[in-house]
S.K.: 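This is the structure I want to talk about, given as structure tokens.
Every chain is numbered from 1 and lettered A, B, ... according to where its sequence line falls, protein lines coming before strand lines.
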Amino acid sequence: MIVATWNVNSLTARWPRVEQWLVERAPDVVLLQETKQSDARFPYDGFASLGYEATHHGQGQWNGVAIASRVGLADVVRGFGDGDVEARVISARCGGVRFYSCYVPNGRALDDPHYQYKLRWLSSLTDRLAQRDVNEPVVVGGDFNVAPRDLDVYDPERFIGCTHVSAPEREALGALTGTGLTDLAAFLEPDDVAYTWWDYRNGSFHRGWGLRIDLLLVTADLRAVATRIYVDRDARKGIKPSDHAPVIGEFATT
DNA sequence: ATGTCACAGTCCCTGTGA
């Protein structure tokens with residue numbers, strides 16, 4: 001089973017790239033973030049013509065998350081429920097595995113209210129995962145807007161006092177993985193520098209100024225059968241790329 | 001340390017978010 005997560009930074013703008021990429025990489029399940037679409041505009045037919053069932057949780061201008069699968073798609077859950085107005089999480093069961101596609105709030109700055117929202121949002125996700133059926137394999141993937149380790153930051157000195165690396169954010173991510181999830185890239189390739197996001201500005205991609213903030217978190221049963229994880233850097237190149245590259249995980253059939 | 005991109009509305013530029 002091939003599983004991918006990709007923040008596409010507008011599925012409307014990115015659809016030609018996404019379509020080509022699906023044909024080339026042929027993931028079984030792909031988790032998408034920042035579709036920036038209403039549900040009405042989501043290209044269900046486009047996915048279907050490529051052999052994918054898809055489900056979307058959108059709000060229009062901002063956010064928006066989706067799951068596309070060619071191994072079945074059932075039991076969809078959108079958002080956290082009461083009072084959750086931003087479309088940042090969707091879950092579904094595909095091929096016997098429960099998938100979550102997550103777009104964690106950015107946080108903006110340590111003294112910005114949005115930062116507290118980010119921590120609360122991660123806590124809500126942790127609560128949700130803590131309540132799961134422990135017999136069900138789970139993949140929690142997406143744009144976490146947190147770089148788990150200094151190795152995941154091109155210049156840790158420069159990020160002192162910034163979001164994405166602060167202790168509370170890393171602790172919140174640790175609480176999430178503490179429910180029984182493993183950061184698969186850090187587990188399989190612990191010494192690899194594997195950035196997933198590069199700012200559009202300053203030629204950051206070509207200068208190697210990146211962060212690893214897009215993650216696949218998996219339960220132990222899936223970790224045991226994981227064979228490979230890599231960043232599809234080619235998707236960050238060329239015409240009209242997203243500022244994020246996909247992360248692709250491969251698993252021996254479960 | 002900000003050289004870009006995408007969105008909506010004020011609609012061919014500007015403010016916002018990343």
Side-chain angles (χ1 to χ4, degrees), chain A residues 5-21 31-43 46 56-66 79 84-90 101-122 125 141-148 150 152-166 168-170 172-173 195-215 231-247:
Chain A
T5 183
W6 192 8
N7 179 324
V8 294
N9 183 21
S10 171
L11 190 55
T12 309
R14 214 66 59 215
W15 179 248
R17 292 289 302 247
V18 172
E19 201 172 25
Q20 178 187 27
W21 176 86
L31 314 175
L32 300 172
Q33 300 87 37
E34 278 207 272
T35 60
K36 297 184 177 180
Q37 283 178 330
S38 62
D39 291 333
R41 289 198 65 179
F42 186 78
H56 183 236
H57 181 38
Q59 66 179 80
Q61 182 179 5
W62 306 118
N63 310 313
V65 283
D84 181 20
V85 295
E86 297 192 342
R88 293 182 176 276
V89 60
I90 189 169
S101 178
C102 305
Y103 177 46
V104 176
N106 175 285
R108 297 177 190 162
L110 298 190
D111 60 355
D112 192 300
H114 201 253
Y115 177 77
Q116 296 302 324
Y117 170 57
K118 179 180 193 173
L119 296 178
R120 287 198 305 274
W121 195 93
L122 280 165
L125 182 61
D143 175 1
F144 286 81
N145 273 316
V146 179
D150 279 354
D152 304 315
V153 181
Y154 69 92
D155 184 357
E157 291 290 312
R158 198 184 115 51
F159 276 78
I160 292 168
C162 296
T163 62
H164 293 60
V165 303
S166 73
E169 287 165 275
R170 285 175 169 172
L173 184 62
Y195 305 142
T196 64
W197 171 86
W198 300 261
D199 199 313
Y200 281 124
R201 297 168 290 186
N202 309 317
S204 293
F205 180 68
H206 295 286
R207 290 165 128 151
W209 295 352
L211 301 177
R212 188 176 73 91
I213 55 176
D214 299 88
L215 311 175
V231 178
D232 186 5
R233 293 173 51 93
D234 287 347
R236 182 63 177 79
K237 304 172 183 174
I239 306 296
K240 270 176 77 97
S242 169
D243 47 354
H244 295 251
V247 176

S.K.: For W62(A) and for W209(A), locate the closest nucleotide of DNA chain B by heavy-atom distance; then report the residue assigned to the nucleotide nearer the 5' terminus.
M.R.: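 Residue closer to the 5' terminus by nearest nucleotide: W209(A).
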
S.K.: For R158(A), report the nucleic acid contact type (base, sugar-phosphate, nothing); a contact means any heavy atom under 4.0 Å.
M.R.: base

S.K.: Scan T12(A) against the nucleic acid and name what it touches under 4.0 Å (heavy atoms): base, sugar-phosphate only, or nothing.
M.R.: sugar-phosphate

S.K.: Please tell me which of W197(A) and D155(A) maps to the more 5' nucleotide of DNA chain B, matching each residue to the nucleotide holding its nearest heavy atom.
M.R.: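 Taking each residue's closest nucleotide, the earlier one in sequence belongs to D155(A).
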
S.K.: Give me the atom names and distance for the closest heavy-atom approach of A66(A) to S101(A).
M.R.: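 Smallest interatomic distance, heavy atoms only, reads O-OG, 3.3 Å.
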
S.K.: With side chain to side chain donor-acceptor pair (under 3.5 Å) as the test, pick out the partner of E86(A) among W62(A), Y117(A), Y103(A).
M.R.: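 Result: among W62(A), Y117(A), Y103(A), Y117(A) is the only option passing the side chain to side chain donor-acceptor pair (under 3.5 Å) with E86(A).
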
S.K.: Say we look at dA8(B) and dC12(B): how far apart would their C1' atoms be, to the nearest angstrom?
M.R.: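 Roughly 14 Å separates the two C1' atoms.
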
S.K.: Examine F159(A) together with Y154(A) and report whether their ring centres are nearer than 6.0 Å.
M.R.: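 Between Y154(A) and F159(A), which both carry aromatic rings, the centre distance is below 6.0 Å.
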
S.K.: Pick one: which of T5(A), N7(A), N9(A), N63(A) meets side chain to side chain donor-acceptor pair (under 3.5 Å) with Q33(A)?
M.R.: T5(A)

S.K.: When the P atoms of dA6(B) and dC11(B) are considered, how many whole Å apart are they?
M.R.: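 My reading of the P atoms in dA6(B) and dC11(B) gives 22 Å.
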
S.K.: Can you pull the contact range of chain A along DNA chain B, 5' to 3', using atoms under 4.0 angstrom from its heavy atoms?
M.R.: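 Listing 5' to 3', DNA chain B meets chain A from dA1(B) to dA18(B).
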
S.K.: Test F205(A) against every option in W197(A), W198(A), Y195(A) by the ring pair (Phe, Tyr, Trp, His ring centres under 6.0 Å) rule and name the one that passes.
M.R.: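 Filter result, single survivor: W198(A).
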
S.K.: Once you round to the nearest 0.5 Å, how far does CH2 of W21(A) lie from CG of D232(A)?
M.R.: 7.0 Å

S.K.: Are there more than 12 heavy atoms of other residues, nucleotides or ligands under 6.0 Å from atom CZ of R41(A)?
M.R.: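 Not more than 12 within 6.0 Å, no.
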
S.K.: Name the nucleic acid region contacted by R207(A), choosing base, sugar-phosphate or nothing; use a 4.0 angstrom heavy-atom cut-off, strictly under.
M.R.: base

S.K.: Please state the C1' separation for the pair dA18(B) and dA1(B) - nearest whole angstrom.
M.R.: 16 Å

S.K.: What is the nucleic acid contact for N106(A), judged by heavy atoms within less than 4.0 Å: base, sugar-phosphate only, or nothing?
M.R.: sugar-phosphate

S.K.: How far, in whole Å, is dG15(B) from dT10(B) if one measures between their P atoms?
M.R.: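 Rounded to whole Å, the distance is 13 Å.
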
S.K.: Base, sugar-phosphate or nothing for F159(A)? Non-hydrogen atoms, less than 4.0 Å.
M.R.: nothing

